*Asks:* 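Before anything else, here's the structure in question.
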Amino acid sequence: MENTTQTKYELVIDYVLSNIKNGLYRPHQMIESENELSDKLNVSRVTVRKGLEELVNSKVLNKKKGIGTFVNPLPKYFGFKSGVGFSSEAKKRGLKPSTELLSLEKLQSDEAISEALQVPVDSPIWKVERIRYANNIAICYELEYFDANIVKEIPEEVSKTSIYEYLSSLGITYEYVDQKITAVNANKKLATYLNIQENSALIHMEISACLSNGKPFNIGNSYYQTDSFYLVQTIYK
């Protein structure tokens with residue numbers, strides 16, 4: 001039965017991604033032609049072309065002029081939106097998120113963290129250190145701090161899943177997130193955590209999540225491996 005909440009070109013995208021996930025399309029394999037997909041999915045060639053263009057832009061597919069459209073060799077991750085919410089981004093892409101908790105501590109803020117969270121020095125804070133996985137592949141190392149005057153508790157079990165989903169259930173949500181993105185090389189510690197070679201390229205993201213009044217309640221640093229993963233950023237007009 002057709003999913004009426006989707007546009008027709010999204011049905012084309014889902015069809016291709018489903019075939020990749022189920023192993024019906026293999027890396028370097030040429031998929032059906034636009035005419036064949038049009039007949040099979042009962043949509044126009046224009047619709048098929050738009051869906052395929054989206055997948056080519058996302059590096060899932062590769063179009064060779066005059067030959068056909070092929071599956072790229074590493075199509076496993078279809079691009080996460082940069083920023084917070086790792087678990088929700090993984091789920092939206094049909095991936096299974098999981099978390100390894102390295103440490104969870106309640107501390108007193110030093111000068112640098114106090115300035116970033118806009119709290120007095122020695123204010124109570126939560127420190128959370130984690131490795132985030134998608135389909136059991138280590139994707140991201142996170143070191144985060146939360147204002148404990150706003151986030152009263154972070155249960156250990158919550159820190160092993162999605163802290164933001166937990167906070168949302170308590171009515172604590174961000175209005176906006178400031179983020180600074182840079183490229184760095186993996187040191188020995190990060191390489192070990194992410195199961196990659198030392199000095200491999202990483203995406204370093206420094207974030208500050210703020211309430212509607214502009215007050216930060218969560219700051220942190222995330223390091224994403226790039227061997228089998230990339231971030232995408234959607235820019236709206």
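All heavy atoms count here, side chains included; hydrogens, waters and symmetry mates do not. Bear in mind the structure is a predicted one, so any value in this text is a computation, not a measurement. Numbering of residues begins at 1 and proceeds along the displayed sequence.
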*Asks:* To the nearest 0.5 angstrom, please state how far the CD1 atom of Ile172 sits from the CG atom of Leu167.
*Replies:*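 Those atoms lie 5.0 Å apart.
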*Asks:* Hydrophobic cluster membership, with links at side-chain heavy-atom distances under 4.5 Å among I/L/V/M/F/W/Y: are Leu170 and Val128 in one?
*Replies:*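 Yes, Leu170 connects to Val128 through the hydrophobic network.
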*Asks:* Give the minimum heavy-atom separation between Gln179 and Ile207, together with the two atoms involved.
*Replies:*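 So the minimum-distance heavy-atom pair works out to CB-CG2, 4.1 Å.
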*Asks:* What pair of heavy atoms forms the shortest contact from Pro120 to Ser114, and how long is it?
*Replies:*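 Heavy atoms of Pro120 and Ser114 come nearest at O-OG, 3.3 Å.
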*Asks:* Quick one: OG1 on Thr192 to CD on Glu198, what's the gap to the nearest 0.5 Å?
*Replies:*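 These two atoms lie 7.5 Å from each other.
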*Asks:* Are the side chains of Ile31 and Leu61 in contact, using a 4.5 Å heavy-atom criterion?
*Replies:*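 When only atoms from C-beta onward are counted, Ile31 and Leu61 do touch, with a gap below 4.5 Å.
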*Asks:* Counting C-beta onward and ignoring hydrogens, is there a side-chain heavy-atom pair between Lys50 and Val12 closer than 4.5 Å?
*Replies:*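 No - every pair of side-chain heavy atoms lies 4.5 Å or more apart.
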*Asks:* Please enumerate all residues that pass side-chain contact (heavy atoms from CB on, under 4.5 Å) together with Asn42, with sequence neighbours excluded.
*Replies:*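 None.
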*Asks:* Return the minimal non-hydrogen interatomic distance between Asn136 and Ser98, and the atom names on each side.
*Replies:*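 Nearest heavy atoms, Asn136 then Ser98: OD1-OG, 4.4 Å.
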*Asks:* Among Ile, Leu, Val, Met, Phe, Trp and Tyr joined by side-chain contacts under 4.5 Å, find the other residues sharing a cluster with Val121 and list them by chain and number.
*Replies:*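 Listed partners: none, Val121 stands alone.
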*Asks:* Does Ile13 share a hydrophobic cluster with Leu24, counting links as ILVMFWY side-chain heavy atoms below 4.5 Å and allowing steps through other members?
*Replies:*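 As far as the 4.5 Å side-chain criterion goes, Leu24 and Ile13 are not connected within one cluster.
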*Asks:* Please report the closest heavy-atom contact between Pro124 and Asn149, naming both atoms and the distance.
*Replies:*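 Looking at all heavy atoms of both residues, the shortest contact is CG-OD1, 3.8 Å.
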*Asks:* Can you find a pair of side-chain heavy atoms, one from Tyr174 and one from Phe217, that are under 4.5 Å apart?
*Replies:*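 Sidechains of Phe217 and Tyr174: in contact.
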*Asks:* Measuring only between side-chain heavy atoms, which start at C-beta, is Val158 closer than 4.5 Å to Ile163?
*Replies:*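 When only atoms from C-beta onward are counted, Ile163 and Val158 do touch, with a gap below 4.5 Å.
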*Asks:* Of the options Arg130, Arg132, Lys127, which is the one that meets Glu144 in a salt bridge (charged side-chain N to carboxylate O under 4.0 Å, His left out)?
*Replies:*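 Output: one option passes, namely Arg130.
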*Asks:* Might you work through the side chain to side chain contact (heavy atoms under 4.5 Å, CB included) test for Val60 and Ile20, ending with a clear yes or no?
*Replies:* CA-CA 9 Å; Val60 176; Ile20 292 174; 3.4 Å; yes
*Asks:* Yes or no on side chain to side chain contact (heavy atoms under 4.5 Å, CB included) for Glu175 and Cys210, after CA distance, side-chain angles and deciding distance?
*Replies:* CA-CA 6 Å; Glu175 181 71 16; Cys210 302; 5.9 Å; no
*Asks:* Looking only at non-hydrogen atoms, find the nearest pair between Gln197 and Ala186 and report the distance.
*Replies:*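 Gln197 and Ala186 have their closest heavy atoms at O-CB, 4.2 Å.
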*Asks:* Using links of under 4.5 Å between side-chain heavy atoms of ILVMFWY residues, direct or through other members, which residues join Leu102 in one cluster?
*Replies:*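 In the cluster with Leu102 are Leu107, Ile113, Leu117, Val119, Ile125, Ile131, Tyr133, Tyr141, Leu143, Tyr145, Val184, Leu190, Tyr193, Leu194, Ile196, Leu202, Ile219, Tyr223.
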*Asks:* Nearest 0.5 angstrom please: Glu142 CD to Thr99 OG1, how far?
*Replies:*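 The OG1 atom of Thr99 is 7.5 Å from CD of Glu142, to the nearest 0.5 Å.
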*Asks:* Could you tell me the separation between the NZ atom of Lys152 and the CG atom of Asp147, rounded to the nearest 0.5 Å?
*Replies:*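 Between Lys152 NZ and Asp147 CG, I get 8.5 Å after rounding to 0.5 Å.
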*Asks:* For Ser159 and Glu156, work out which heavy atoms get closest and say how close.
*Replies:*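 Distance-wise, the nearest heavy atoms are OG-O, 2.6 Å.
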*Asks:* Taking side-chain contact (heavy atoms from CB on, under 4.5 Å) as the definition, give me every residue that meets it alongside Ser169, ordered by chain and number, with sequence neighbours left out.
*Replies:*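 Residues passing side-chain contact (heavy atoms from CB on, under 4.5 Å) with Ser169: Tyr166.
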*Asks:* Connecting only ILVMFWY residues whose side-chain heavy atoms lie within less than 4.5 Å of each other, what is the rest of Phe70's hydrophobic cluster?
*Replies:*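 Cluster partners of Phe70: Met30, Ile67.
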*Asks:* Using a 6.0 Å cut-off, check whether atom CZ of Arg26 has over 12 heavy atoms from anything other than its own residue.
*Replies:*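 No.
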*Asks:* With a sphere of 6.0 Å drawn around CD of Glu111, does it hold more than 12 non-hydrogen atoms of other residues, nucleotides or ligands?
*Replies:*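 Check fails, neighbour count at 12 or below.
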*Asks:* Without swapping roles, check the side chain of Ser208 against the backbone of Pro216 for a donor-acceptor pair under 3.5 Å.
*Replies:*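 Pair absent, no side-chain N/O of Ser208 close to backbone of Pro216.
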*Asks:* Testing Glu54, Glu53, Glu34 for salt bridge (charged side-chain N to carboxylate O under 4.0 Å, His left out) with Lys63, which one passes?
*Replies:*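 The passing option is Glu34.
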*Asks:* How long is the straight-line distance from CG of Asn218 back to CZ of Phe146, given to the nearest 0.5 Å?
*Replies:*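 If we round to the nearest 0.5 Å, Phe146:CZ and Asn218:CG are 4.0 Å apart.
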*Asks:* Could you check whether any side-chain N or O of Thr173 sits under 3.5 Å from a backbone N or O of Ser168, counting only pairs where one atom can act as donor and the other as acceptor?
*Replies:*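 Judged by distance alone, no pair lies under 3.5 Å.
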*Asks:* When hydrophobic residues are tied together by side-chain contacts of less than 4.5 Å, even through go-betweens, does Tyr176 share a cluster with Leu211?
*Replies:*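 No; Leu211 is not reachable from Tyr176 via cluster members.
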*Asks:* For atom CG of Asn195, decide whether the heavy atoms of other residues, nucleotides or ligands shown that lie under 6.0 angstrom number more than 12.
*Replies:*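 Open.
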*Asks:* With ring-ring contact (aromatic ring centres under 6.0 Å, His included) as the rule and sequence neighbours excluded, what pairs involving residues 14-39 come up?
*Replies:*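 ring-ring contact (aromatic ring centres under 6.0 Å, His included) check on residues 14-39 returns no pairs.
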*Asks:* Report yes if some heavy atom in the side chain of Val16 is under 4.5 Å from a heavy atom in the side chain of Leu52; otherwise report no.
*Replies:*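 In short, these two side chains touch, coming nearer than 4.5 Å.
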*Asks:* To the closest 0.5 Å, what do you measure between CH2 (Trp126) and CD (Glu153)?
*Replies:*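 If I round to the nearest 0.5 Å, the distance is 4.5 Å.
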